2 protein chains.
Amino acid sequence: MQAFTGQELSSKKVSYLKYIYMRGDLVKTTEIAARFDVAPSTVTKALGEIAKAGYIEHTPYHGVKLTPLGTEYARFLVRRHRIVALVLSHFGLTPEEACSEAEKIEQSFSKDLVDRICRSLGHPIMSVCGEIEHDHGCCSAGGHPV
Amino acid sequence: MQAFTGQELSSKKVSYLKYIYMRGDLVKTTEIAARFDVAPSTVTKALGEIAKAGYIEHTPYHGVKLTPLGTEYARFLVRRHRIVALVLSHFGLTPEEACSEAEKIEQSFSKDLVDRICRSLGHPIMSVCGEIEHDHGCCSAGGHPV
DNA sequence: ATAGAATTTAGATATATACCAAATTATGGA
DNA sequence: TCCATAATTTGGTATATATCTAAATTCTAT
């Protein structure tokens with residue numbers, strides 16, 4: 001498995017990548033632009049950069065698709081999001097609040113930090129906005145023994 | 001009291017402001033530059049912007065000093081830092097780890113979120129890297145009743 | 001085959017961060 | 001006091017991110 005840090009992509013690119021992952025298969029520029037309320041040209045430029053980084057395959061005029069690396073990375077991004085949302089829910093935020101607040105702060109959580117929180121929580125399988133997948137060595141590897 | 005959101009200043013500016021607060025009184029450009037390992041000119045520019053925003057008073061060639069607004073804001077920044085560090089410590093991070101990890105993620109925590117976490121924790125007076133001041137209506141005001 | 005929709009390209013703007021080199025100001029020692 | 005040196009600021013440049021508009025290109029469905 002890759003050694004992600006969680007800081008490979010900027011905040012907006014992470015949002016786009018997660019969206020592409022959730023939508024699955026081929027995703028169109030216009031759809032992403034509509035979802036994030038930005039101009040299509042803004043999305044085109046970002047997609048080009050995400051593609052250059054190897055996370056998606058961009059077929060001009062046709063759409064984007066995750067690469068295997070992108071899929072693996074997106075899985076981490078979603079896990080990070082859900083772990084952070086779960087943590088916030090412990091402070092009394094409703095599932096909706098926890099999810100939207102997580103969206104704002106998750107960007108700065110490193111993979112190592114997420115893994116430690118995950119371990120400390122006993123590798124929960126459910127968050128407030130979906131299941132938490134613990135594939136491979138993910139958060140059980142490294143650091144303190146489980 | 002002011003209605004801060006926590007996003008008034010960029011990440012680096014927040015770091016500089018917290019440092020100025022901790023150092024107290026008149027702080028010199030070179031000192032800040034040394035502390036953050038950047039060129040003095042980089043600091044000068046940032047200080048100019050922080051001053052324009054009203055948080056510090058910059059006397060060219062002599063140093064900077066917090067304004068009342070800046071002092072109040074810095075107090076919030078320090079409280080935010082300590083609340084976040086305290087939260088991280090609950091997941092098994094040592095005080096040092098919690099403090100340095102908090103430094104990386106606190107920027108994106110809004111005042112509202114900090115206040116909610118603070119309330120949920122029962123307004124703790126101690127964190128892992130110092131005391132937590134709860135002046136004015138701070139985290140007990142607004143939102144759900146305490 | 002082509003009009004209209006989708007998309008990309010090109011050119012601008014804005015913010016944040018940072019550097020270097022040159023100019024300016026401050027300050028301490030003779 | 002005067003000046004050499006240190007500190008600081010200015011001005012110019014650079015990168016990265018994010019965004020837009022307008023024009024050009026490509027796709028697609030009639």
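Because only heavy atoms are used, hydrogens play no part in the values below, and waters and symmetry mates are left out as well, while side chains stay in. Treat the numbers as computed from the prediction; the structure is a model and nothing was measured. So that the names make sense, note that chain A is the first sequence line, chain B the second, and so on, each numbered from 1.
At least one side-chain nitrogen or oxygen of A/K13 sits closer than 4.0 Å to the OP1 or OP2 atom of D/dT17. A/S10 has no side-chain polar atom (N or O) that falls below the 4.0 Å cut-off from OP1 or OP2 of D/dA16. Between B/H58 and D/dT9 there is a side-chain polar atom (N or O) within less than 4.0 angstrom of OP1 or OP2.
Atom CG in B/L47 sits roughly 15 Å away from atom P in C/dA16 (whole-Å rounding). When the P atom of C/dA16 is taken as reference, atom CZ of B/F36 falls 17 Å away, rounded to whole Å. Atom CD1 in B/I32 sits roughly 15 Å away from atom P in D/dA7 (whole-Å rounding). Between the P atom of D/dT17 and the CD atom of A/Q107 lies a distance of 11 Å, rounded to the nearest Å. The interatomic distance linking B/Q7 (CD) with C/dT15 (C1') rounds to 15 Å, in whole Å. With rounding to whole Å, A/H62 atom NE2 is found 12 Å from C/dT8 atom C1'. Taking atom CD1 of A/I50 as the reference point, atom C1' of D/dA18 lies 12 Å away to the nearest angstrom. Following rounding to the nearest Å, B/D37 (CG) and C/dA18 (P) show an atom-to-atom distance of 10 Å.
Here the side chain of B/S11 is nearest to one of D/dT25, C/dT17, C/dC19, namely C/dT17. For A/K28, the side-chain atoms get nearest to C/dA6 when compared with the rest of D/dT26, D/dT28, C/dA6. Nearest to the side chain of A/T42, among C/dT8, D/dT9, D/dC20, sits D/dC20.
Between the side chains of A/E97 and A/S100, no donor-acceptor pair of N or O atoms lies under 3.5 Å.
Using a 4.0 Å cut-off between a side-chain N of Lys or Arg and a carboxylate O of Asp or Glu, A/D115 and A/R119 do not qualify as a salt bridge. Between A/K104 and A/E101 there is a salt bridge, since a side-chain N of the basic residue sits under 4.0 Å from a carboxylate O of the acidic one. Taking a cutoff of 4.0 Å between a charged side-chain nitrogen and a carboxylate oxygen, A/R79 and A/E106 do not qualify as a salt bridge.
B/T44 comes within contact range of at least one nucleobase, with a heavy-atom separation under 4.0 Å. Contact annotation for A/A39: base contact, defined as any heavy-atom pair under 4.0 Å involving a base atom.
A donor N or O paired with an acceptor N or O is found under 3.5 Å between the base of D/dT21 and the side-chain atoms of A/S41. Scanning atom types as modelled, one donor and one acceptor separated by under 3.5 angstrom connect the side chain of A/K45 and the base of D/dT19.
Comparing A/K12 and B/P40 against DNA chain D, the residue whose closest nucleotide sits nearer the 5' end is B/P40.
Of the inter-residue distances, the one linking A/E103 atom CD with B/S108 atom OG reads 12.0 Å to the nearest 0.5 angstrom.
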